[in-house]
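Order of the sequence lines sets the chain letters (A, B, ...), proteins ahead of strands, with each chain counted from 1.
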Protein chains: 2
Amino acid sequence: MTTTGPHGAAPRRRRGRPGYDQAAILRTAVELFNRKGYDATSMGDLARELGLTKPAIYHHVTSKEQLLGQALDDALDELTAVVTEAAEERAGRTAYERLREVVRHSVEVLVAHQPSVTLLLRVRGNSGVELEALDRRRRLDERLAALVADAAAEGALRADLPPPLVSRLLFGMVNSLVEWYRADGTYDPATVADAIATIAFDGLRPRGDQAS
Amino acid sequence: MTTTGPHGAAPRRRRGRPGYDQAAILRTAVELFNRKGYDATSMGDLARELGLTKPAIYHHVTSKEQLLGQALDDALDELTAVVTEAAEERAGRTAYERLREVVRHSVEVLVAHQPSVTLLLRVRGNSGVELEALDRRRRLDERLAALVADAAAEGALRADLPPPLVSRLLFGMVNSLVEWYRADGTYDPATVADAIATIAFDGLRPRGDQAS
DNA sequence: CCTACCGATCGGTAGG
DNA sequence: CCTACCGATCGGTAGG
């Protein structure tokens, strides 16, 4: 990213507009991809939003698909780290405790990386980049399902619900965050993480218990 | 679906190819829209899938957007019916009981109308049809939030969670169904509805007593 | 970083 | 003269 760069074509002298770097273009692109959908967003839309011409974008970026791939990698790297961390904490912690931690850390990642995670959760598999992302995501979901199964095997989860179904619904609730969460101060991430854990593990009904 | 139909233009004599009716084209279109995304699906794709030429489709359908609009209306009509039904049951039923019924009926609608509901949940607002659907959906979400607030005011839900947040998360879990549910016999709708209600209201941790 | 374009494909419609 | 379509192409725009 300094002097010459790998292409020999890196800008040595600055001329004209101050210019954007790749990261700034990526941020704007991901924001547009989420607002309109990836396919409905044209490189012309992105150029207008940036105040550049369409060809100018290709000075910083090789393709529209590359922008998508970088966002998906960001989301997947972060989510993978959450799951891997929990797996490495095996010593001295129950699966239930690790599952609760995964839920909490997942919420933190969803909030901190909401744009790229939102994009990930909407991928349909229309290209090589998308199919690769779907595959990585599927492997993540399998590791989460295994963690839920371990917690159930410990007896920490009620036995009358199939663990794979529980995993789907629990992380379905977590993932639904990206559809409505706004970092506008209404709820901070810890409040949301607590609410999800409370609903999922303890239930909405007041404790002390009664039946309908 | 019988003899003449409401338009007076029902086919009295068949000639040429057997032909598709509007409903069959809509079904195929919605399936494609969900598989590839609305914008990534061309009318040419739809024509190929149906074994027709592209102009032939326009014999039955006025535009691509009309197909989208019909699917979104189907989903919204069904979901509105669920919420309205619950509101009309006010007499003699608590808000908590009605909320549980809404969850159950929502799952049934999501399963029975999965293609159109899936489409609805992915709408971005890129056209007039989409903006209208988003608006109807927002009004539905408000009615659901009001029902959750009523249940909380009754004391049926724990007081330490903000009802608007509970509503988001509860129906986020319900809606996540469309991302993975397959009517392949793995889980029947009643099992899924029970699992969601159990997780949300009673929690995943084993209870001293469980009645439902 | 722009002007000027390309191969292809888009949603939709012409005449027959 | 109708229905159910076809081959071809419209004006614009996509990513590059």
Side-chain angles (χ1 to χ4, degrees), chain A residues 5 7-22 24-26 28-30 32-33 35-71 124 126-130, chain B residues 3-5 7-26 28-30 32-33 35-71 119 124 126-130:
Chain A
H7 309 104
R12 280 176 294 183
R13 300 173 292 174
R14 289 276 179 161
R15 280 191 305 192
R17 304 287 184 78
Y20 293 91
D21 60 353
Q22 222 267 1
I25 290 177
L26 179 58
T28 303
V30 171
L32 275 179
F33 292 165
R35 198 162 71 208
K36 306 182 53 160
Y38 174 75
D39 291 294
T41 302
S42 71
M43 291 302 267
D45 294 334
L46 178 56
R48 194 182 328 112
E49 189 80 13
L50 290 165
L52 297 178
T53 60
K54 202 166 49 160
I57 292 177
Y58 286 94
H59 179 72
H60 301 283
V61 161
T62 65
S63 73
K64 185 185 176 187
E65 200 171 358
Q66 181 209 24
L67 287 168
L68 177 62
Q70 285 181 338
R124 307 305 312 150
N126 288 335
S127 65
V129 162
E130 294 194 4
Chain B
T3 51
T4 48
H7 308 104
R12 282 176 292 182
R13 300 171 294 174
R14 290 274 177 160
R15 275 194 306 195
R17 304 287 186 80
Y20 292 91
D21 60 355
Q22 222 267 5
I25 290 176
L26 179 59
T28 304
V30 171
L32 274 180
F33 292 165
R35 198 162 72 208
K36 306 181 53 160
Y38 175 74
D39 291 293
T41 302
S42 72
M43 292 301 268
D45 293 335
L46 178 57
R48 195 182 326 113
E49 189 81 13
L50 290 166
L52 296 177
T53 60
K54 204 167 50 159
I57 292 177
Y58 286 93
H59 179 73
H60 302 283
V61 161
T62 66
S63 72
K64 186 185 175 187
E65 199 170 359
Q66 180 209 26
L67 288 167
L68 177 62
Q70 285 181 338
L119 215 47
R124 308 304 313 150
N126 288 335
S127 65
V129 163
E130 295 194 4

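Residue contacts for A/Thr62: at a heavy-atom cut-off of 4.0 Å it reaches no nucleic acid atom on any strand shown.
Side-chain atoms of B/Lys54 come within donor-acceptor range of the base of C/dG11, with a qualifying N/O pair under 3.5 Å.
When each of D/dC6, D/dG15, C/dG12 is scored by its nearest atom to the side-chain atoms of B/Met43, the top-ranked nucleotide is C/dG12. Listed nucleotides D/dG15, D/dC6, C/dC1 differ in distance to B/Pro55; the shortest reach to its side chain belongs to D/dC6. Among the nucleotides C/dC1, D/dC5, D/dG15, the one closest to any side-chain atom of A/Ala56 is C/dC1. For A/His59, taking side-chain heavy atoms from C-beta onward, the closest of the listed nucleotides C/dG11, C/dC1, D/dC5 is C/dC1.
Taken to the nearest 0.5 Å, the NZ atom of A/Lys64 stands 11.0 Å off from the CD1 atom of A/Ile57. Distance check, rounded to the nearest 0.5 Å: CD of B/Gln70 to CG of B/Leu119 gives 12.0 Å. Distance CG/B/Leu32 to OG1/B/Thr41: 5.5 Å, rounded to 0.5 Å.
One atom, NZ of A/Lys64, and another, P of D/dT13, lie 16 Å apart when rounded to the nearest Å. Put simply, CD1 on B/Ile57 is 13 Å from P on C/dT13, counting in whole angstrom units. The distance between atom CG of B/Leu46 and atom P of C/dT9, rounded to the nearest whole Å, is 18 Å. Spacing between atom CG of A/Leu67 and atom C1' of D/dG15 amounts to 12 Å, rounded to whole angstrom units. Taking atom CD of residue A/Glu65 and atom C1' of nucleotide D/dG15, one finds them 11 Å apart after rounding to whole Å. Taking atom CG of residue A/Leu68 and atom P of nucleotide D/dG16, one finds them 12 Å apart after rounding to whole Å. The nearest whole Å value for the distance from the CG atom in A/Asn126 to the P atom in D/dG15 is 14 Å. Note: CG (B/Asp21) to P (D/dA4) measures 11 Å, nearest angstrom.
Atom P of C/dA4 sits at a distance of 22 Å from the matching atom of D/dG16, rounded to the whole Å. A distance of about 13 Å separates the C1' atoms of C/dG11 and D/dT9, rounded to the whole Å. Spacing between D/dC5 and C/dG15 at atom C1', rounded to whole Å, works out to 13 Å.
For the pair A/Leu26 and A/Leu67, the tightest heavy-atom approach, listed with the atom from each and the gap, is CD1-O, 3.3 Å.
Within the structure, every side-chain polar atom (N or O) of B/His60 is placed at least 4.0 Å from both OP1 and OP2 of D/dA4. OP1 and OP2 of C/dC1 both lie 4.0 Å or more from every side-chain N or O belonging to A/Thr53. The side chain of A/Tyr58 contributes an N or O atom lying less than 4.0 Å from OP1 or OP2 of D/dG16.
In this structure a side-chain-to-backbone donor-acceptor pair under 3.5 Å is missing from B/Lys54 to B/Ser42.
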